[in-house]
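Heads up, the thing below is written out as structure tokens.
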Number of protein chains: 2
Amino acid sequence: MKTKCCDTHISEEEAQNLLSENGISRTKIKTSILLLLSKSKKPLSASEIYQKIGPKNCDISSIWRTLKKFHEKGITRELNLGEDFFRYELKDSHDEQDHHHHHVRCRDCGDIKQLEECDLSAFDKMFSKLGFKKMEHYLEFTGICSKCS
Amino acid sequence: MKTKCCDTHISEEEAQNLLSENGISRTKIKTSILLLLSKSKKPLSASEIYQKIGPKNCDISSIWRTLKKFHEKGITRELNLGEDFFRYELKDSHDEQDHHHHHVRCRDCGDIKQLEECDLSAFDKMFSKLGFKKMEHYLEFTGICSKCS
DNA sequence: GATAAATTGCAATTGACTTGCAAAAAAATA
DNA sequence: TATTTTTTTGCAAGTCAATTGCAATTTATC
């Protein structure tokens, strides 16, 4: 089953299939979180998800456990956009190479936009198109060092 | 006065001058933090600094306040290397353009190395030279959006 | 439908980071 | 140098994201 990270509505049935395919119980909360992530135009934080589901309908700890499990299973990506918390988005499940994209966040209002291209030189034009100024970027690498592999 | 971000020992006097130049009180703690950052081969976290200075010799809140002030004055750079805390390094005080570099962090042992070049295509070679594998990179942008400027 | 396994809510806990306040140290002024 | 003003410090308490133990509930398995 193919899913896209943002702004792609998946049905409740598709969400449940995604859970089954990954050996995860098909519960109300997990389905809801998948639907929310698929509908959102930007990656969501745990507390945003919590607010959307409704504090009466679930506990924040259940959301954290779900997000952790999704991340372990490779269903979602955990993003740090320079805020002091993480955001989560669905991975494209048919994209073996994990063609992740990037985001621009306004340091003033916090608005987040998704970038469609991933060539650094191309970014500049895109930023002016988007109306963004005073760009700063954050680029870091992780890997497995020689001692550990 | 010229300082380099990592692995450059500055003297106590140089550290104190750096403080004065930036209108910051020349206290023992602030001088110590500058010296530690200049000596370290990798960016340091607040708690690493706290351990090195010695918990009996200062309070962690003073370290946080100092790091915050250094950051405000542009003396240091605040880095998020995909951990759940920040690391700090000295900026090169004579580098007007803030030619920041990047880092590789081993997802296994946490070891951090500094990259000397900043051309994305050049990174691949460097990683094999460093013996790093299974690279992942984290690239995000922030800026000021049209609504806010 | 009964049993085993996983998930949930609740409450308590950790760890990064912040803040108010009074005492101590540094800077400014005479 | 002595005195006043300003800044910094330690301590304690607090915030907020994220984690964990446990008993009750739900889902999966047979």
Side-chain angles (χ1 to χ4, degrees), chain A residues 12-13 15-34 36 43-73 75-88 105 110, chain B residues 12-13 15-34 36 43-73 75-88 105 110:
Chain A
E12 192 162 331
E13 205 191 327
Q16 295 192 329
N17 289 340
L18 188 57
L19 292 174
S20 298
E21 286 167 18
N22 286 279
I24 303 173
S25 295
R26 303 158 62 132
T27 69
K28 211 167 188 177
I29 290 184
K30 289 177 175 161
T31 308
S32 302
I33 294 181
L34 282 181
L36 281 174
L44 296 174
S45 69
S47 78
E48 282 173 343
I49 293 171
Y50 183 50
Q51 292 311 318
K52 282 173 196 281
I53 289 183
K56 320 120 200 157
N57 300 321
C58 78
D59 191 84
I60 188 81
S61 69
S62 301
I63 292 181
W64 280 114
R65 279 188 270 234
T66 299
L67 290 174
K68 197 176 173 186
K69 176 149 285 187
F70 284 177
H71 189 230
E72 281 167 18
K73 296 286 183 179
I75 298 175
T76 56
R77 207 167 3 246
E78 189 179 62
L79 300 175
N80 186 314
L81 270 60
E83 297 156 310
D84 57 348
F85 50 82
F86 289 106
R87 292 183 175 274
Y88 299 84
R105 182 178 58 84
Chain B
E12 191 162 331
E13 206 192 325
Q16 296 193 329
N17 289 341
L18 189 56
L19 292 174
S20 298
E21 286 167 18
N22 287 276
I24 303 173
S25 296
R26 302 158 63 132
T27 69
K28 213 168 185 176
I29 291 185
K30 289 178 176 162
T31 308
S32 303
I33 295 181
L34 282 182
L36 281 173
L44 296 173
S45 68
S47 77
E48 283 173 342
I49 293 171
Y50 183 51
Q51 293 310 317
K52 282 172 196 282
I53 290 184
K56 318 119 199 156
N57 301 321
C58 78
D59 191 84
I60 186 81
S61 68
S62 302
I63 294 182
W64 280 113
R65 280 188 270 232
T66 299
L67 290 174
K68 197 177 174 185
K69 176 150 287 188
F70 285 178
H71 189 231
E72 282 167 17
K73 297 285 184 180
I75 296 176
T76 56
R77 209 167 1 246
E78 188 179 63
L79 300 174
N80 185 314
L81 270 60
E83 298 156 311
D84 58 348
F85 51 83
F86 289 106
R87 292 183 176 276
Y88 299 84
R105 181 177 59 86

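The sequence lines fix the lettering, A, B, ..., with proteins before strands; numbering per chain opens at 1.
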Completion exercise
Comparing B/Pro55 with B/Lys30, nearest DNA chain D nucleotide closer to 5' gives the residue B/Lys30
Practice task
Starting at atom CD of B/Glu78, determine the distance to atom C1' of C/dT18, rounded to an integer number of angstrom.
Solution key: 14 Å
Handout entry: Rounded distance in Å - CG (B/Leu67) to P (C/dT19)
Key = 15 Å
Problem - Rounded distance (nearest 0.5 Å) linking atom CD of B/Gln16 with atom OG1 of B/Thr31 - result: 4.5 Å
Can you give me every donor-acceptor pair (side chain of residues 51-60 of chain B, partner residue at least two apart or in another chain, under 3.5 Å) with its distance?
{"from": "B/Asn57", "atom 1": "ND2", "to": "B/Ile53", "atom 2": "O", "distance (Å)": "2.8"}
{"from": "B/Asp59", "atom 1": "OD2", "to": "B/Ser61", "atom 2": "N", "distance (Å)": "2.9"}
{"from": "B/Asp59", "atom 1": "OD2", "to": "B/Ser61", "atom 2": "OG", "distance (Å)": "2.7"}

Fill in the blank from the handout: For A/Glu78, the side chain to side chain donor-acceptor pair (under 3.5 Å) test, sequence neighbours excluded, returns A/Tyr88
Practice task
Round to the nearest Å and state the distance from B/Glu72 atom CD to C/dT18 atom P.
Solution key: 10 Å
Problem - Separation of D/dT7 C1' from B/Lys73 NZ (nearest whole Å) - result: 12 Å
Handout entry: Listed partners of B/Arg105 passing salt bridge (charged side-chain N to carboxylate O under 4.0 Å, His left out), at least two apart
Key = none
Problem - Under the salt bridge (charged side-chain N to carboxylate O under 4.0 Å, His left out) test, residues paired with B/Glu83 that sit two or more places apart - result: B/Arg87
Practice task
Report the residues that fulfil salt bridge (charged side-chain N to carboxylate O under 4.0 Å, His left out) with B/Glu12, sequence neighbours left out, ordered by chain and then residue number.
Solution key: none
Handout entry: Residues which pass side chain to side chain donor-acceptor pair (under 3.5 Å) with B/Ser20, listed by chain and number, not counting sequence neighbours
Key = B/Arg26
Exercise for the section: Kindly compute the distance separating CD1 (A/Ile24) from CD1 (A/Ile75), expressed to the nearest 0.5 Å. Expected result: 3.5 Å
Exercise for the section: Find the distance A/Phe70:CZ to C/dT7:P and express it as a whole number of Å. Expected result: 10 Å
Completion exercise
Between its two end axes (five pairs each) the helix from C/dG1-D/dC30 to C/dA30-D/dT1 turns, nearest 10 degrees, through 40°
Handout entry: Whole-Å distance separating the CD atom of B/Glu48 from the P atom of C/dG15
Key = 15 Å
Practice task
Under 4.0 Å between any heavy atoms, over every strand shown, what does A/Lys69 touch: base, sugar-phosphate, or nothing? Just pick one.
Solution key: sugar-phosphate
Handout entry: Nearest-0.5 Å distance, NZ of residue A/Lys69 to OG1 of residue A/Thr76
Key = 12.5 Å
Handout entry: Under 4.0 Å protein heavy-atom contact, by nucleotide of nucleotides 16-28 of chain D - B base, S sugar-phosphate only
Key = -SBBBBB----SS
